[in-house]
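Heads up: the structure comes next, in structure tokens.
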Amino acid sequence: NAGVTQTPKFRVLKTGQSMTLLCAQDMNHEYMYWYRQDPGMGLRLIHYSVGEGTTAKGEVPDGYNVSRLKKQNFLLGLESAAPSQTSVYFCASKTGTGGHEQFFGPGTRLTVL
Amino acid sequence: GNSVTQMEGPVTLSEEAFLTINCTYTATGYPSLFWYVQYPGEGLQLLLKATKADDKGSNKGFEATYRKETTSFHLEKGSVQVSDSAVYFCALSRNSGNTPLVFGKGTRLSVIA
């Protein structure tokens, strides 16, 4: 049982390049979330999904897109990376039946030059 | 809206000292409250939680009591160890379905031998 995994662990991009971050969970969780963590800012929610085929905007969605084509996967895309998107990105998932605990992945450190 | 305010760090303590990290919240209704911990280079993991007023969450020697009258959920530990060095996040979730977590900005704790 791997829990929540994220790919890749590290990435360096040039301004304007695109990339996709993959989050996978094997707990059959309904809800999945993407956060970014910046110094002094805590975690801020980018987008989230309440089930396969559905997504919603969080607190800081601009510059990002997401897709949830399969229940176990939640993809975060950057179409045209900017230096302001340099951050550590965390994915999390949560069961849809009563529990409130979110389970987090290990994070992806992204640097945009 | 919902928000969490926690004391700013960093906090530096000697081993075996008493720890308090303050957390207060603003929320409508009766949220669930959480403390997450992030060890260096890792994702967040749940430390403890409380789902209703006067509940006490506890784990690994840490405790926090849900105080509705003061809208607080302060984290305490009687005797910290070097291995407790980490960033601690207070968070809340409204007790309804898919509501995402709202995090405080985090408090970095360093324990020195």
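Numbered from 1 within each chain, the chains take letters A, B, ... in sequence-line order. These numbers were taken from a predicted model, which means no experiment stands behind them.
Connection of F74(A) to F90(A) is not established within any shared hydrophobic cluster, with ILVMFWY side chains joined at heavy-atom distances below 4.5 Å, either directly or through further cluster members.
Only the side chain of L45(A) has a heavy atom closer than 4.5 Å to any heavy atom of chain B. Only the side chain of Q37(A) comes within contact range of chain B, with heavy atoms under 4.5 Å apart. With a 4.5 angstrom heavy-atom cutoff, Q38(B) touches chain A only via side-chain atoms. Residue Q45(B) does not touch chain A at all, counting heavy-atom pairs closer than 4.5 Å.
K52(B) and D54(B) are not joined by a salt bridge, as no carboxylate oxygen comes within less than 4.0 angstrom of a charged side-chain nitrogen. The pair K56(B)-E63(B) meets the salt-bridge criterion, with a side-chain N (NZ, NE, NH1 or NH2) lying under 4.0 Å from an Asp/Glu carboxylate O. Taking a cutoff of 4.0 Å between a charged side-chain nitrogen and a carboxylate oxygen, R44(A) and D38(A) qualify as a salt bridge.
Options V4(B), V102(B), L46(B) differ in how many heavy-atom pairs under 4.5 Å they form with chain A, and the most are formed by L46(B). Of the listed residues E42(B), K105(B), Q6(B), E8(B), the one with more heavy-atom pairs under 4.5 angstrom with chain A than any other is K105(B).
Relative orientation of the F62(B) and Y88(B) rings is tilted, given thresholds of 30° and 60° on the angle between their planes.
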